[in-house]
Structure formats: structure tokens, C-alpha cells
Amino acid sequence: MAKPVQIIDTHCHIHEPWFAEKYDKSVDQLIEEAKDAGIISFVSVGTSAESSLLAVDFAKAHGTYASLALHPHEVSEKTPAIIDQEFAVLQELAAGRPPEVVAIGECGLDYFYHKKTEVQAAQQALFRRHLDLAVLHDLPLIFHIRDAFADFFAIIDEYNQKGSKIRGVVHSFTAEMGELEGCLERDFFLGINGIMTFTKNEDQLKAAQAIPRSKLVFETDAPFLTPKPFRGKMCEIRHIVETVKFMSELRNEPLEELTAATTVNARELFKL
């Protein structure tokens with residue numbers, strides 16, 4: 001029987017054992033149920049050196065994909081020396097890049113939780129290191145940007161003006177029209193997840209409607225951001241189908257056309 005959809009989950013974290021052990025199901029069951037729902041692959045996203053190593057091993061074991069990064073939160077939780085040590089691990093992984101590694105991320109700027117100027121400066125410095133790594137190895141980036149679009153755009157423009165064409169996806173895009181326009185001006189993809197199924201912010205929904213189909217990809221961020229109607233449960237990668245259905249209705253686009261186009265976009269983004 002034909003699967004109802006064919007989707008690539010461009011961002012999840014089910015490779016991390018401290019998350020996986022919280023599920024009622026085994027990882028193998030999660031993956032099998034996702035396949036049955038039409039999810040043809042997924043990207044396990046690194047957030048630390050350990051997480052990135054686990055993502056690569058997980059992708060190798062399951063025939064999927066991985067990304068490498070230190071999350072911007074890391075600079076407030078670890079010393080500069082430890083950040084240097086962990087980033088060296090990423091550099092080594094990227095230098096000997098296995099085919100499963102398709103991106104650098106999630107990396108970026110998060111000012112929502114971090115208001116101190118010195119922490120924001122440290123995030124910017126770490127973000128630039130990720131950009132340099134991506135340029136060196138010709139990889140796209142998975143951006144985590146929260147309450148920091150002005151600085152994000154300024155740093156990206158600086159790199160682009162120097163001839164380093166930065167490409168990637170803004171993960172968990174929930175901003176509004178001004179930020180969307182800035183992302184599109186820089187030719188970024190936008191990753192939409194379960195937040196859109198339960199947000200009450202009409203401006204967020206208008207921006208989601210306005211994303212050109214050619215720049216839209218879907219993600220779960222599993223085990224986080226569970227979409228309706230599964231709120232209150234751990235997010236699974238199969239739940240991406242609910243987000244796609246919601247967006248199909250919101251944008252008044254046929255489900256089959258939307259899934260086909262966004263799967264093509266995911267393949268283009270990560271060179272799959």
C-alpha cells in the first residue's frame with residue numbers, strides 16, 4: 001500500500017540516549033513507525049561534541065544523516081577551554097567527514113535566555129567558528145536563532161560580502177514577516193515544526209503562509225515541540241505528518257504537492 005506522504009525530517013534529536021530512554025518505545029520502534037507514516041529519512045542534529053559523535057554513530061547505524069555543532073547555550077554552561085576542546089572534536093569530525101554528515105548545526109545565537117553582553121559576544125564568536133568550519137568543508141548550516149536576528153543577519157552579510165556564500169536553514173522558524181524577508185533575501189530555507197500547530201500568534205502564521213514553497217522544509221525537533229493532537233506526549237519523528245497536514249490546510253496547498261516539494265528542498269539543502 002502506498003505511503004500517504006514522503007517526508008524528510010530535517011531536524012531531530014532522538015539519537016541522544018538521555019532523550020531516547022524517556023520514550024515508552026524503543027528507538028527501533030520509533031523509526032519503524034516513522035517509516036510506516038512515510039518519513040523516508042531524518043537528520044540527527046548535534047548540540048555538543050558528545051551529541052555530535054552520537055549523531056554520526058546513530059546515522060551510520062540507521063542509514064540516516066547527522067550534523068555537527070555546539071549549541072549556543074553551551075557558552076554559558078562550559079568554560080572557554082572546554083569549548084575549545086569540544087570544537088576541536090567537531091573540526092576532526094568534519095575533516096574526516098563520513099558521508100552521513102550533511103551539515104554544521106545547530107549553531108547560532110540565542111538571546112532569549114542569555115541577556116548578558118559577554119555571553120552574547122561569546123555566542124557570536126562561537127557562531128563565527130561554525131561558519132568558518134562550514135565554509136571550509138562546503139557544508140550548509142542549521143541555524144538556531146532566537147531574539148537575535150539583527151546580529152545574525154549582520155554576521156551573515158559580513159561573510160557573504162567577503163565571498164563566502166553561506167547557505168542553510170533557519171531551524172524552528174517562528175518569527176514574523178520582517179525576519180522572513182531577511183532570511184529569504186539571504187536565500188535561506190525555513191524549517192517549520194509542531195509549534196505552528198498550536199501557536200496563537202497570527203503574525204507567525206502569516207509568515208508561515210508566506211514562505212515560498214521552494215524554501216520550505218519540515219522538522220520535528222523530536223523529542224521537543226510535539227504538534228497537535230499529540231500535545232503532552234514526547235514528540236516522535238512520525239508526528240511530522242501532523243505538522244505537514246496543518247501547513248497544507250493553512251497554505252491551502254494539496255498535501256501531496258507540499259510533501260513532494262519540501263522533500264526535494266531537503267535533498268537540495270543537504271545534497272542528499
Side-chain angles (χ1 to χ4, degrees), residues 3-16 19-20 22-25 27 29-31 33-45 47 55 64-65 67 71 73 105-106 108 110 112-113 142-147 169-176 179-180 183 188-211 213 215-253 255 258-259 261-263 265-266 269:
K3 292 186 171 74
V5 292
Q6 296 281 290
I7 309 171
I8 296 173
D9 181 353
T10 60
H11 193 120
C12 70
H13 301 279
I14 67 167
H15 64 286
E16 301 193 13
F19 293 144
K22 296 179 182 179
Y23 283 106
D24 295 329
K25 305 170 184 177
V27 168
Q29 185 178 355
L30 291 173
I31 293 173
E33 290 182 358
K35 288 179 179 177
D36 290 342
I39 289 71
I40 56 177
S41 195
F42 55 90
V43 180
S44 297
V45 175
T47 55
T64 56
Y65 302 101
S67 69
H71 194 283
H73 292 332
E106 64 184 282
D110 191 322
F112 181 81
Y113 290 110
I142 299 170
F143 302 116
H144 174 109
I145 308 298
R146 195 170 185 191
D147 287 4
V169 56
V170 178
H171 149 63
S172 193
F173 182 77
T174 52
E176 300 175 4
E179 292 82 3
L180 173 60
C183 292
F188 292 143
F189 288 88
L190 290 306
I192 296 295
N193 57 40
I195 289 176
M196 285 300 170
T197 70
F198 58 82
T199 183
K200 303 298 183 183
N201 187 326
E202 291 297 325
D203 291 329
Q204 288 180 346
L205 293 171
K206 287 177 182 177
Q209 286 177 304
I211 299 171
R213 189 192 292 182
K215 304 307 292 184
L216 175 64
V217 294
F218 289 109
E219 59 175 60
T220 58
D221 204 25
F224 310 109
L225 308 181
T226 311
K228 286 185 174 181
F230 296 102
R231 299 292 295 156
K233 299 180 179 180
M234 297 282 284
C235 186
E236 302 176 24
I237 50 179
R238 69 184 175 94
H239 292 158
I240 199 171
V241 176
E242 301 303 324
T243 301
V244 177
K245 288 178 180 176
F246 175 87
M247 289 292 289
S248 172
E249 294 175 4
L250 179 71
R251 294 162 60 92
N252 193 28
E253 295 181 58
L255 183 67
L258 187 60
T259 55
T262 53
T263 297
N265 294 345
L269 168 63

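Keep in mind it's a predicted model, so treat the numbers as computed, not measured.
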Over 12 foreign heavy atoms within 6.0 Å of OH, Tyr113:
no
Would you please name every residue forming a ring-ring contact (aromatic ring centres under 6.0 Å, His included) with His239, sequence neighbours left out?
Phe230
Sole candidate of Ile8, Val244, Val241, Ile240 that passes side chain to side chain contact (heavy atoms under 4.5 Å, CB included) when paired with Thr259:
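Only one of Ile8, Val244, Val241, Ile240 forms a side chain to side chain contact (heavy atoms under 4.5 Å, CB included) with Thr259, namely Val244.
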Under 4.0 Å between a side-chain nitrogen and a carboxylate oxygen: does that hold for Lys228 and Glu242?
no
Side-chain donor-acceptor contact under 3.5 Å, Asn193 with Thr220:
no
Within this structure, what is the [atom1]-[atom2] distance for the pair [X] and [Y], rounded to the nearest 0.5 Å?
{"X": "Lys245", "Y": "Leu255", "atom1": "NZ", "atom2": "CG", "answer": "7.5 Å"}
{"X": "Leu30", "Y": "Tyr23", "atom1": "CG", "atom2": "OH", "answer": "6.0 Å"}
{"X": "Asp24", "Y": "Gln29", "atom1": "CG", "atom2": "CD", "answer": "9.5 Å"}
{"X": "Ile237", "Y": "His11", "atom1": "CD1", "atom2": "NE2", "answer": "13.0 Å"}
{"X": "Thr197", "Y": "Leu225", "atom1": "OG1", "atom2": "CG", "answer": "9.5 Å"}
{"X": "Thr64", "Y": "Asp9", "atom1": "OG1", "atom2": "CG", "answer": "10.5 Å"}

Donor-acceptor pair, side chain of [X] and main chain of [Y], under 3.5 angstrom:
{"X": "Ser67", "Y": "Gly105", "value": "yes"}
{"X": "Glu16", "Y": "His13", "value": "no"}
{"X": "Arg251", "Y": "Ala208", "value": "yes"}
{"X": "Gln209", "Y": "Leu250", "value": "yes"}
{"X": "Arg231", "Y": "Thr226", "value": "yes"}

State, to 0.1 Å, how close [X] and [Y] come at their nearest heavy-atom pair, and which atoms those are.
{"X": "Thr263", "Y": "Ile40", "value": "CG2-CD1, 3.9 Å"}
{"X": "Ala207", "Y": "Ala175", "value": "CB-O, 3.6 Å"}
{"X": "Ala37", "Y": "Arg238", "value": "CB-CB, 4.1 Å"}
{"X": "Ile192", "Y": "Phe173", "value": "CD1-O, 3.5 Å"}
{"X": "Pro227", "Y": "Cys235", "value": "CD-SG, 4.0 Å"}
{"X": "Gly108", "Y": "Ile145", "value": "CA-CD1, 4.1 Å"}

Are Val217 and Val169 close enough, and set up right, to give a side chain to side chain contact (heavy atoms under 4.5 Å, CB included), and what steps lead you there?
CA-CA 8 Å; Val217 294; Val169 56; 3.8 Å; yes
Between Glu106 and Thr47, is a side chain to side chain contact (heavy atoms under 4.5 Å, CB included) present by the stated rule, with each step listed?
CA-CA 6 Å; Glu106 64 184 282; Thr47 55; 3.9 Å; yes
How far apart are the C-alpha atoms of Met247 and Phe218, what are their side-chain angles, what is the distance that settles it, and do they pass the side chain to side chain contact (heavy atoms under 4.5 Å, CB included) test?
CA-CA 10 Å; Met247 289 292 289; Phe218 289 109; 3.6 Å; yes
Set of side-chain hydrogen bond (donor to acceptor under 3.5 Å, both in side chains) partners for [X], sequence neighbours left out:
{"X": "Asp110", "result": "His144"}
{"X": "Gln204", "result": "Thr199"}
{"X": "Lys215", "result": "Asp187"}
{"X": "Thr10", "result": "none"}

Verdict with supporting geometry, Val45 and His171, side chain to side chain contact (heavy atoms under 4.5 Å, CB included)
CA-CA 11 Å; Val45 175; His171 149 63; over 6 Å; no
Partners of Lys25 by salt bridge (charged side-chain N to carboxylate O under 4.0 Å, His left out), sequence neighbours excluded?
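Salt bridge (charged side-chain N to carboxylate O under 4.0 Å, His left out) list for Lys25, sorted by chain: Glu33, Glu236.
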After noting the C-alpha distance and the side-chain angles of Tyr65 and Phe42, does the key distance pass the ring pair (Phe, Tyr, Trp, His ring centres under 6.0 Å) rule?
CA-CA 6 Å; Tyr65 302 101; Phe42 55 90; 8.8 Å; no
